[in-house]
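As structure tokens, the structure follows; a few thoughts come after it.
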Amino acid sequence: MKQIYTNTSTPTPILPTPLELELFCIQIWNFYRNSGRNFVWRNVEDPYKVVVSEIMLQQTQTARVAQKYPQFIELFPSFQSLAAASFLDVLSAWQGLGYNRRAKFLHQLAVRVVTVHNGKLPHLPEELVKLPGIGPNTAGSVAAFAYNVPTVFIETNIRSVFIHHFFKADEYIHDRHILPLVAATVDRLDARNWYYALMDYGVMLKQLHGNPSRKSAHHVVQSKFEGSDRQIRAQIIRELIAHPGLDFQSLQHVTQATEERLRRIIASMEKDAMIFSHDQRWSIAE
DNA sequence: GTCCAGGAAC
DNA sequence: GTTCCTGGAC
């Protein structure tokens with residue numbers, strides 16, 4: 001394999017030989033056997049727990065999820081209990097994980113599963129992606145981890161593994177060039193552990209060689225958090241959890257944002273159905 | 001400074 | 001193609 005996928009005008013994908021793929025799989029399995037990670041959300045039979053963990057793990061480090069996940073499951077142990085809870089309670093339990101809109105999506109997902117799917121999470125990715133907060137990647141991972149379906153999906157660690165092994169001399173690698181390799185190597189009988197193994201191997205690669213996914217065509221440098229609208233939004237959420245029915249002046253005092261900026265941010269949060277106003281006072285949405 | 005089991009809405 | 005969040009590890 002050498003410099004095959006760099007020409008984007010006339011892609012001539014050449015798969016590695018069966019032997020190369022076989023050796024690759026053996027290497028991943030060996031690593032997993034010796035150095036695989038263990039998490040409380042792994043090898044669980046309850047699809048609900050898999051969904052909660054996968055939504056939490058979107059753009060959030062495993063250590064942080066490990067800290068928050070157990071209490072969340074204790075508070076809301078099932079789709080039914082989560083669906084029946086208020087958004088305020090769900091959002092409160094979410095604090096510390098970041099990206100608060102995920103809490104909204106997860107809450108709505110639980111309602112949909114209970115009301116539309118009779119409390120049972122669909123098995124297939126094509127159905128899973130129709131649920132709020134679940135895109136192609138999470139649909140694939142949920143199907144694999146919850147039901148051991150040999151799906152084909154990519155997330156940041158998997159991406160790193162394939163870039164490191166099969167695209168050493170390439171740059172700006174598109175996922176469409178990686179997916180055939182994922183499909184060719186997925187374990188038909190043990191997809192669940194195979195993807196655990198790939199993720200663990202990817203984490204190891206990043207520790208050892210830096211992040212191979214920086215060569216991905218999809219890699220984006222994260223914008224600064226300090227001083228951003230995101231920071232203001234987070235402050236507003238925390239404040240309205242503690243003090244429902246707060247007026248504009250109070251929010252301005254807490255956030256120290258200009259009036260124009262704060263009005264704009266509040267409007268966007270109302271549009272996201274994160275908050276709502278009543279008589280010029282704001283609260284967490286329901 | 002970089003990174004984190006991304007998706008929705010614009 | 002941007003915007004949403006968090007805070008510690010590195």
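Per chain, numbering begins at 1; letters A, B, ... match sequence-line order. This structure is a prediction, so every number in the text was calculated from the model and none was measured.
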- Query: Rounded to the nearest Å, what distance is computed from the CD atom of residue A:Gln67 to the C1' atom of nucleotide C:dG8?
  - Reply: 10 Å

- Does OP1 or OP2 of B:dC3 have a side-chain N or O of A:Arg214 closer than 4.0 Å? yes

- Report the nucleotide, chosen from B:dA5, C:dG8, B:dG6, that has the shortest atom-to-atom distance to any side-chain atom of A:Glu155. B:dA5

- Item | Per A:Arg230 side chain, nearest of listed nucleotides B:dC4, C:dC5, B:dA5 | C:dC5

- Query: Taking atom P in both B:dC10 and C:dC5, what distance in whole Å separates the two?
  - Reply: 15 Å

- Of all the choices, C:dC4, B:dA5, B:dG7, which nucleotide is nearest to the side chain of A:Gln58 once you look at every atom? B:dG7

- Pick base, sugar-phosphate or nothing for A:Asp229, based on heavy-atom distances below 4.0 Å to the nucleic acid. sugar-phosphate

- Message: I want to know whether A:Tyr201 and A:Phe162 have ring centres closer than 6.0 Å.
- Response: no

- Check whether any side-chain N or O of A:Lys271 sits under 4.0 Å from OP1 or OP2 of B:dA8, and answer yes or no. no

- According to a strict under-4.0 Å criterion, is A:Asn137 in side-chain N/O contact with OP1 or OP2 of B:dG7? yes

- Taking CD from A:Gln207 and C1' from B:dC3, how many angstroms apart are they, rounded to a whole number? 12 Å

- Item | A:His219 vs A:Gly135, nearer the 5' end of DNA chain B by closest nucleotide | A:His219

- What is the distance from NZ of A:Lys68 to C1' of C:dG8, rounded to the nearest Å? 14 Å

- Message: Students often get this wrong, so: under 4.0 angstrom with heavy atoms, is A:Thr156 touching a base, only sugar-phosphate, or nothing?
- Response: sugar-phosphate

- Query: With a 4.0 Å cut-off on heavy atoms, is A:Trp41 in touch with a base, just the backbone sugar-phosphate, or nothing at all?
  - Reply: base

- Side chains of A:Ser216 and A:Ser213, donor plus acceptor under 3.5 Å: no

- Query: Across the strands shown, which category fits A:Ile158 at heavy-atom distances under 4.0 angstrom: base, sugar-phosphate, nothing?
  - Reply: nothing

- Residue A:Arg101, side-chain atoms from C-beta onward, closest of C:dT6, C:dT3, C:dG7: C:dT3

- Query: With both distances kept under 3.5 Å, what pairs with C:dT2, Watson-Crick or G-U wobble?
  - Reply: B:dA9

- Query: A:Gln59 CD to C:dT3 C1': how many Å, rounded?
  - Reply: 13 Å

- Message: Taking atom types as they are modelled, would you say the side chain of A:Gln231 forms a donor-acceptor pair with the base of C:dC5 within the 3.5 Å cutoff?
- Response: no

- Side chains of A:Arg261 and A:Thr255: is there a donor and an acceptor less than 3.5 Å apart? no

- Examine the side chains of A:Tyr195 and A:Glu155 and answer whether a donor and an acceptor come within less than 3.5 Å of each other. no

- Note on the structure: Taking for A:Val220 and for A:Arg233 the nucleotide of DNA chain C with the nearest heavy atom, the one nearer the 5' end belongs to A:Val220

- Message: Starting the side chain at C-beta, find the nucleotide from B:dG6, C:dC4, C:dT6 nearest to A:Gln95.
- Response: C:dT6

- Scan side-chain atoms only and decide if A:Ser250 and A:Asp247 contain a donor-acceptor pair under the 3.5 Å cut-off. yes

- Query: Looking across every strand, which nucleic acid part, if any, lies under 4.0 Å from A:Tyr195 by heavy atom: base, sugar-phosphate, or nothing?
  - Reply: nothing

- Item | Distance, rounded to the nearest Å, where A:Gln108 contributes CD and B:dA9 contributes C1' | 13 Å

- Message: B:dG7, OP1 or OP2 - any side-chain N/O from A:Thr138 closer than 4.0 Å?
- Response: yes

- Message: With a cut-off of less than 4.0 Å, is there a side-chain N or O of A:Asn157 near OP1 or OP2 of B:dC4?
- Response: no

- Item | Atom pair distance, as rounded to whole Å: NE2 in A:His218 and C1' in B:dG6 | 13 Å

- Item | N/O donor-acceptor pair, side chain A:Gln222 with base C:dT6, under 3.5 angstrom | yes

- Query: A:Met56 CE to B:dG7 P: how many Å, rounded?
  - Reply: 17 Å

- Taking atom types as modelled, is there a side-chain donor on A:Lys206 or A:Thr156 under 3.5 Å from an acceptor on the other? yes

- Message: Let's test this: given Watson-Crick or G-U wobble pairing with both distances under 3.5 Å, identify the partner of C:dG8.
- Response: B:dC3

- Message: Please classify the nucleic acid contact of A:Arg159 as base, sugar-phosphate, or nothing, using heavy-atom distances under 4.0 Å.
- Response: nothing

- Message: Please report the distance, rounded to the nearest Å, between CH2 in A:Trp94 and P in C:dC5.
- Response: 12 Å

- Message: If you compare every side-chain N and O of A:Arg238 against the phosphate oxygens of C:dT6 (OP1, OP2), does one of them come in below 4.0 Å?
- Response: yes

- Task: State yes or no: are the ring centers of A:Tyr69 and A:Phe39 separated by less than 6.0 Å?
- Result: no

- Query: Which residue lies toward the 5' end of DNA chain B, A:Ile134 or A:Arg64, if each is placed at its nearest nucleotide?
  - Reply: A:Arg64

- Taking atom C1' in both B:dA5 and C:dT2, compute the distance separating them and give it to the nearest angstrom. 22 Å

- Message: Can you tell me if A:His209 has over 12 outside heavy atoms packed within less than 6.0 Å of its NE2?
- Response: yes

